Each structure stands twice: as structure tokens, then as C-alpha cells.
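Quick caveat, the model's predicted, so the values are computed rather than measured. Hydrogens, waters and symmetry mates play no part in the numbers below; they use all other heavy atoms, side chains included.
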Amino acid sequence: MPRKIIIDTDPGQDDAAAILLALASPDELELLGITTVAGNVPLDLTTKNAQMVCEVAKRPDVKIFAGCDRPLAHTLVTAEHVHGKTGLDGPPLPNPKMPVQDQHGVDFIIDTLRHEPPGTVTICPLGPLTNIGTALQKAPDIADRIQEIVLMGGAYFQVGNITPAAEFNIYVDPEAADIVFKSGAPIVVMPLDVTHKVLVTQARLDAFRALGTHVGRMVAGWTEFFERFDKEKYGSAGAPLHDPTTIAYLLRPDLFSGRHINVEIETGSKLTRGMTVADWWRVTDRPANATFMGDVDADGFFELLTERMARL
């Protein structure tokens, strides 16, 4: 039986690769729907980008639901400086033709969790946690029904990438992240500590292109685009491919290692707002609430990604 998942996303080139990885793995993952959120770019663009990614995979049947267009408490911060003005800059794509569902993304999440058997739906947030936080606020009963929340966000050893202390996804909506981390649902975190170990080197980029398929060329083109920013910023051999780590974890958890620890979200401080305060060394007596990943087999990750992309 494939595992039922909802992908909550703000595409982004790396979000696109995560969606494609899920769509390429139907034996293991049943994608119930995609909910979009404002993050890398505003909501209308993240929704359009989700449509375009599904069309690249020739899957116009996927149900897409637009979610929240702003964080719970603050003004939206976006990342065009990384992802380009569309959020999915790179090879040009035609405007999507597939529909967006009428239902709000948050209501889709709530209804799905209420109607599917408890403990059978996994949520995969790849962007700010606004939709998930709102759903938990609106329907606290769903927390106990979630199988797992496997999210990309936060950092401990790598600290911040949008402020000195905070990772972008958590920083955009710390109030929502705070609700999620306090919800009691089982949480797995893919922080920058992991994603900065899966770098798209030239050889790995060439492997996508060498697939000789439309999908292979698109993934190569997308990663090449946002690489320019990160290579310059970090002086690394390639850009981190953040979001597909969440889907890779569902397919191959053995590629990752981490610790079950307490993670709290800073919402008050001007200096460290949005920081994921991860008790990696277990120096407090705060109860563990998340499995915080620290390491990944990067070669195994890229082998999985390339092998699955070849199927599309």
C-alpha cells in the first residue's frame, strides 16, 4: 500500500524537484493533493508554479488547492532574489492549463485528515508552515490523526540563511511553525544541516541532463538557475537541493540520521525571530517533539533522485 501524502509547497525550483520525485514514486507514495502557500513568491505564483510542475510530469490530474496568501501575524517575506521573479525561473514553460480546485488548501487538509483513517496521512511541508498552522488552529482534532509531518525547515549547526539566526521557511511564519511544533503530531525535520550536504555538483547536474528527457532537462535547468545564488553565497561546489530531502526520507529513511529532540521556535526576539532552537545536546529537560535530522548519504540521495526522475 502506498503511503498517502499531501505536499504543502511554495514552488521554488527545489520544491519542483520534490514534487517530481513524489510523482515518480507511485508504488510508495499516493499524492492526495498539493496545497500551495505564499513563501518563495506570492500565492498566485506558487500556485501557478505547482500547476506547471505537474504538467511537466504530464500529471494534470493532480488536485491543487491554493492556501494562505500571508503569514499568521506578519507581512510576507519572499525570496525572488534566490528563485527569480516567477519563483521558478529557468527554462521557459507555457502557461498551465490544468485547473486549481475551488476548495481552500487549509480546508482540504482538514477534510482529508478527518475522512482518511487516523494515522494514514503524512503532510510534507516544503515552505512556510502557514497552511499547517492554520489547519491545526482551526481544527485541533486533526493533530492526533496525522501520521507524520515531514518538513524542510530550520537549522541548528548551519544557523540561518535569511537572517543570521533563522532559516527562510520558519522565518516567514514563526507563529505557524510554533503551532506545528507544539501540536503533538510526530514531526521529522530536514534542516539546512542536512540540505547543505546534498549539493548539486556539476557531475550531478550532468546526470539529470543525461537522462535525455524533458523532465531531466527541466530539473537541470532549474537547479542551474538557483545555483548561481547559493554558490556565490556559500562558496560551495553546488547549491543545496533542500526540499526533495523530505520526499527522499519517505522513500529511503535509511539515507538519513538524526536525533529525537526538543525543538522550539523563537517568535518574540527581534534578533533571533524564526530561529529553530534545537536542543541537539539535550541540555534542557524540555520533552522531545521532533526528529531533527543531522546527516545524509548525499550520493545515495542523488542516485535515488536521478533514478526516479528517469521514470517520468
Next item on the list: Start with the C-alpha gap between L151 and F181, add the side-chain angles, then the distance that decides, and say whether side-chain contact (heavy atoms from CB on, under 4.5 Å) holds.
Entry: CA-CA 11 Å; L151 68 94; F181 277 86; 4.1 Å; yes
Next item on the list: For Q13 and T223, run side-chain contact (heavy atoms from CB on, under 4.5 Å): C-alpha distance rounded to whole Å, both residues' side-chain angles, the deciding distance at 0.1 Å, then the answer.
Entry: CA-CA 6 Å; Q13 291 87 350; T223 46; 5.8 Å; no
Next item on the list: Let me see the working for N49 and T46 under side-chain hydrogen bond (donor to acceptor under 3.5 Å, both in side chains), right down to the final yes or no.
Entry: CA-CA 5 Å; N49 291 347; T46 61; over 6 Å; no
Next item on the list: Go through the steps to decide whether R3 and E148 satisfy the test salt bridge (charged side-chain N to carboxylate O under 4.0 Å, His left out), and finish with yes or no.
Entry: CA-CA 11 Å; R3 182 169 178 165; E148 213 168 24; 2.5 Å; yes
Next item on the list: Could you walk me through whether N95 and K48 pass side-chain contact (heavy atoms from CB on, under 4.5 Å), step by step?
Entry: CA-CA 8 Å; N95 277 325; K48 180 182 174 183; 2.8 Å; yes
Next item on the list: Take R114 and I142 through the side-chain contact (heavy atoms from CB on, under 4.5 Å) test and state the conclusion after the steps.
Entry: CA-CA 7 Å; R114 282 179 174 167; I142 64 173; 4.2 Å; yes
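Distance alone, capped at 3.5 Å, places no donor-acceptor pair between the H83 side chain and the A79 backbone. Judged by distance alone, the side chain of D14 and the main-chain N or O of P244 form no donor-acceptor pair under 3.5 Å. In this structure, Q101 contributes its side chain and Q103 its backbone to no donor-acceptor pair below 3.5 Å. A donor-acceptor contact shorter than 3.5 Å links the side chain of Q51 to the backbone of M98. Between the side chain of D69 and the main chain of L43, no donor-acceptor pair closer than 3.5 Å is present.
Shown here is D102, whose CG atom has no more than 12 heavy atoms of other residues, nucleotides or ligands within 6.0 Å. Open room surrounds CG on D285; 12 or fewer heavy atoms of other groups in view lie less than 6.0 Å from it.
For residues 233-247, the pairs satisfying side chain to side chain donor-acceptor pair (under 3.5 Å) are T195-H242, with sequence neighbours left out.
Of the inter-residue distances, the one linking I179 atom CD1 with L129 atom CG reads 10.0 Å to the nearest 0.5 angstrom. One distance of note links NZ of K63 with OG1 of T112; it measures 10.5 Å at 0.5 Å rounding. In this structure, CG in L23 is found 6.0 Å from CD1 in I34, a value given to the nearest 0.5 Å. Atom NE2 in H74 sits 4.5 Å away from atom CD in E175 (nearest 0.5 Å). Here L241 contributes atom CG and L305 contributes atom CG; the two are 6.0 Å apart, rounded to the nearest 0.5 Å. Here the CD atom belonging to E307 is positioned 11.0 Å from the CE atom belonging to M309, to the nearest 0.5 angstrom.
Contact of the P191 side chain with the Y156 side chain is not registered, since no non-hydrogen atoms from C-beta on lie closer than 4.5 Å. Considering only heavy atoms from C-beta on, M190 comes within 4.5 Å of F256 through its side chain. Looking at heavy atoms from C-beta onward, M293 lies out of side-chain contact with D193 at the 4.5 angstrom threshold. Counting heavy atoms from C-beta outward, P42 and T78 have side chains that approach closer than 4.5 Å. When side chains are defined from C-beta on, N40 does not count as touching V82, because their heavy atoms never get closer than 4.5 Å. Taking the side chain as every heavy atom from C-beta outward, F108 and I6 approach each other to under 4.5 Å. Between D299 and R204 there is a side-chain heavy-atom pair separated by less than 4.5 Å. Between D297 and R252, the closest side-chain pair of non-hydrogen atoms is not below 4.5 Å.
Each of V62, V121, I7 was compared with L32 under the side-chain contact (heavy atoms from CB on, under 4.5 Å) criterion, and only V121 meets it.
In the hydrophobic clustering of this structure, I162 does not group with M275; members are Ile, Leu, Val, Met, Phe, Trp, Tyr whose side-chain heavy atoms approach within less than 4.5 Å, directly or through other members. Using a 4.5 Å cut-off between side-chain heavy atoms of Ile, Leu, Val, Met, Phe, Trp and Tyr, with links allowed through other members, I149 and V106 fall into the same hydrophobic cluster.
Taking the charged nitrogens against the carboxylate oxygens, E224 and R209 do have a contact shorter than 4.0 Å, which makes a salt bridge. The pair R259-D295 does not meet the salt-bridge criterion, since no charged nitrogen lies less than 4.0 angstrom from a carboxylate oxygen.
Side-chain contact of T267 with D178: a donor-acceptor pair under 3.5 Å is absent, judged by distance alone.
Between F302 and F208, the ring-plane angle classifies as tilted under the 30° and 60° cut-offs.
Residues passing the ring pair (Phe, Tyr, Trp, His ring centres under 6.0 Å) test with H81, sequence neighbours excluded: F229.
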